[in-house]
Amino acid sequence: KQLRRFLMILMPIGFCGSMIQPMYLVYLQDQFTSDTRLLSWAFLPAGILFAILPAKMGRFVDHGNTVLYLVYALGLAGITCMLIPVFTTFWSLVMVYAVSVVPWTLVDPARKVLVSTFAEANEVAKFFGVSEMYYGIGATTGPVMGGYLYDLVSPQSPFYFNGILSMLVALSLFLLFSKERST
């Protein structure tokens with residue numbers, strides 16, 4: 001029962017994790033510049049953080065409460081995502097986007113450790129495959145929904161929607177695992 005609920009939560013985690021990057025690029029182009037050289041620099045700080053931090057964040061996950069780290073990271077990701085449209089200069093937006101990816105460097109290790117806790121010893125690879133399928137379904141639909149929100153609602157709406165959804169997923173995870181522990 002808890003496993004099924006967790007698998008269903010993996011979809012919105014994948015959704016949130018994939019929605020913002022393409023919207024960030026389009027937002028930068030619409031608001032500031034279409035110069036590809038400048039746009040490539042806009043991804044550099046976040047790319048460096050994504051290259052370095054997952055290993056460091058994995059250490060936290062190994063020595064603490066995985067669920068709480070995942071809840072904390074998703075909540076923080078939601079808050080920082082909603083801050084992106086607040087910044088009005090190119091470089092301030094680049095910096096806040098870089099900060100917004102930091103919680104996601106904690107989400108992936110925590111998510112994968114949590115997935116491994118559900119797997120039976122002889123079915124770890126199978127369960128990872130199933131969990132990645134759920135995560136991938138969400139990750140596939142995130143950019144599509146972000147594009148619709150961007151075009152039909154407002155350029156800022158994907159960031160607000162993603163932020164709110166990330167915080168709701170964090171709350172759902174917290175309630176799911178705190179309820180299971182209390183029974």
Side-chain angles (χ1 to χ4, degrees), residues 2-25 43-85 94-119 124-125 127-146 149 158-181:
Q2 186 182 30
L3 169 62
R4 283 191 204 132
R5 289 183 190 145
F6 179 67
L7 286 172
M8 295 309 290
I9 288 174
L10 285 175
M11 279 193 259
I13 292 173
F15 182 95
C16 292
S18 70
M19 177 192 239
I20 293 307
Q21 188 171 356
M23 296 304 99
Y24 170 63
L25 175 61
F43 283 89
L44 185 63
I48 291 169
L49 291 172
F50 258 124
I52 296 170
L53 288 181
K56 303 217 181 290
M57 294 296 190
R59 290 186 193 137
F60 286 115
V61 175
D62 284 339
H63 296 92
N65 185 326
T66 306
V67 173
L68 287 181
Y69 282 130
L70 189 55
V71 166
Y72 169 75
L74 285 167
L76 192 56
I79 292 167
T80 57
C81 186
M82 290 191 299
L83 289 175
I84 290 172
V94 168
M95 288 300 111
V96 77
Y97 178 73
V99 169
S100 78
V101 303
V102 171
W104 285 102
T105 65
L106 179 58
V107 167
D108 276 344
R111 173 181 64 90
K112 290 175 181 174
V113 166
L114 202 51
V115 164
S116 70
T117 63
F118 285 111
V124 175
F127 187 68
F128 267 109
V130 169
S131 68
E132 288 299 311
M133 179 187 71
Y134 278 82
Y135 184 83
I137 290 169
T140 302
T141 57
V144 174
M145 180 65 152
L149 288 170
F159 301 101
Y160 296 128
F161 179 81
N162 190 283
I164 292 167
L165 183 60
S166 293
M167 290 188 285
L168 288 173
V169 171
L171 179 63
S172 297
L173 272 167
F174 180 76
L175 294 174
L176 171 66
F177 283 98
S178 63
K179 184 179 178 182
E180 292 296 326
R181 288 182 184 172

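None of these values were measured; they are calculated from a predicted model.
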To the closest 0.5 Å, what do you measure between [atom1] ([X]) and [atom2] ([Y])?
| X | Y | atom1 | atom2 | value |
| --- | --- | --- | --- | --- |
| Met145 | Ser18 | CE | OG | 12.0 Å |
| Ile137 | Phe15 | CD1 | CZ | 13.5 Å |
| Glu132 | Leu10 | CD | CG | 8.0 Å |
| Ile13 | Leu165 | CD1 | CG | 10.0 Å |

For a 4.5 angstrom cut-off between non-hydrogen side-chain atoms, does [X] reach [Y]?
| X | Y | value |
| --- | --- | --- |
| Phe6 | Leu173 | yes |
| Leu176 | Ile9 | yes |
| Ile84 | Ser100 | yes |
| Phe127 | Ser116 | no |
| Met23 | Phe161 | no |
| Leu7 | Tyr135 | no |

Could you tell me which non-hydrogen atom of [X] sits nearest to which non-hydrogen atom of [Y], and how far apart they are?
| X | Y | value |
| --- | --- | --- |
| Leu106 | Pro109 | O-CD, 3.4 Å |
| Ala139 | Pro143 | O-CD, 3.2 Å |
| Ala98 | Leu49 | O-CD1, 3.3 Å |

Would you mind writing out the side-chain donor-acceptor pairs for residues 55-62 within the sub-3.5 Å range, not counting sequence neighbours?
none

So, does Thr105 use its side chain to make a donor-acceptor pair with the main chain of Pro54 at under 3.5 Å?
no
Passes side chain to side chain contact (heavy atoms under 4.5 Å, CB included), Arg5 versus Phe177? Steps please.
CA-CA 10 Å; Arg5 289 183 190 145; Phe177 283 98; over 6 Å; no
In chain order, what residues pass the side-chain contact (heavy atoms from CB on, under 4.5 Å) check against Met8, with sequence neighbours excluded?
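Result, side-chain contact (heavy atoms from CB on, under 4.5 Å) vs Met8: Met11, Tyr134.
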Given side chain to side chain contact (heavy atoms under 4.5 Å, CB included), test Trp104 with Ser166 step by step and report yes or no.
CA-CA 11 Å; Trp104 285 102; Ser166 293; 4.2 Å; yes
Check against ring pair (Phe, Tyr, Trp, His ring centres under 6.0 Å), Tyr24 and Phe43:
CA-CA 9 Å; Tyr24 170 63; Phe43 283 89; 5.1 Å; yes
When the side chains of residues 68-83 are checked against the rest of the protein, which donor-acceptor pairs come out under 3.5 Å, sequence neighbours left out?
from, atom 1, to, atom 2, distance (Å)
Thr80, OG1, Leu76, O, 3.1
Thr80, OG1, Ala77, O, 3.2

Could you walk me through whether Thr66 and Thr117 pass the side chain to side chain contact (heavy atoms under 4.5 Å, CB included) test, one step at a time?
CA-CA 10 Å; Thr66 306; Thr117 63; 6.0 Å; no
